[in-house]
Q: 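Next up is a structure, given as structure tokens.
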Amino acid sequence: MLGFAILLGFNFLGYVLQMSLHLPLPGNVIGLILFTAALFTRLIKLAWVEEAASLLTRHMMLFFIPFTVGVLAFIPIIGANWLAICGGTVGATVAVLVVTGWVSSKLGQESAKYGE
């Protein structure tokens with residue numbers, strides 16, 4: 001229970017900071033950043049949260065069920081815009097592949113230049 005309390009505490013702290021400071025990040029992301037910082041600074045020991053985090057990640061698929069059901073409500077809109085959705089997905093994927101390949105080739109040239 002300690003692990004769940006710590007995880008929920010950081011989640012709640014992230015939401016409080018987001019609401020009070022009007023930050024442009026979602027509260028759960030802020031909480032995750034704070035939790036990661038607490039792990040790195042050793043304020044929180046991994047052993048305290050490891051069992052709870054493992055349980056949550058083992059059953060992660062259950063967290064996507066509400067999202068999937070919510071998407072079903074938008075099937076008429078998705079059906080009307082399927083071409084734009086597919087085009088955007090394919091275009092973004094191609095753009096990421098091209099940029100990743102270009103950066104990898106540049107880094108490969110740099111490492112070859114220094115004999116690494």
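Just so you know, residue 1 is the first one in the sequence shown, and it goes up from there.
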Q: Hey, quick one: are L7 and I33 part of the same hydrophobic cluster, counting side-chain heavy atoms closer than 4.5 Å, chains of contacts allowed?
A: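 Yes, one cluster joins them.
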
Q: Enumerate, atom names and distances included, each donor-acceptor pair closer than 3.5 Å involving a side-chain atom of residues 73-98, sequence neighbours excluded.
A:
residue, atom, partner, partner atom, Å
N81, ND2, I77, O, 3.0
T89, OG1, I85, O, 2.8
T93, OG1, T89, O, 2.8

Q: For residues M19 and L34: do they belong to one hydrophobic cluster (side chain heavy atoms under 4.5 Å, members Ile, Leu, Val, Met, Phe, Trp, Tyr)?
A: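 No, M19 does not connect to L34 through the hydrophobic network.
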
Q: Test question: given the 4.5 Å side-chain rule for I, L, V, M, F, W and Y, name all other residues clustered with L62, or answer none.
A: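 Grouped by the 4.5 Å side-chain rule, I65, V69 form the rest of the cluster around L62.
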
Q: Can you give me every donor-acceptor pair (side chain of residues 44-59, partner residue at least two apart or in another chain, under 3.5 Å) with its distance?
A:
residue, atom, partner, partner atom, Å
S54, OG, R58, NH1, 3.2
T57, OG1, A53, O, 3.1
T57, OG1, S54, O, 3.1

Q: Side-chain heavy atoms under 4.5 Å apart, restricted to Ile/Leu/Val/Met/Phe/Trp/Tyr: what other residues fall into the cluster of W102, or is it alone?
A: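 Members other than W102 - counting any ILVMFWY side chain reachable under 4.5 Å - are V99, V103, L107.
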
Q: Are L21 and V29 co-members of a hydrophobic cluster defined by side-chain heavy atoms under 4.5 Å apart?
A: yes

Q: In this structure, would L13 and L23 fall into the same cluster of hydrophobic residues linked by side-chain contacts under 4.5 Å?
A: yes

Q: Scan for ring pair (Phe, Tyr, Trp, His ring centres under 6.0 Å) pairs involving residues 2-43, sequence neighbours excluded, and state none if there are none.
A: F10-F35

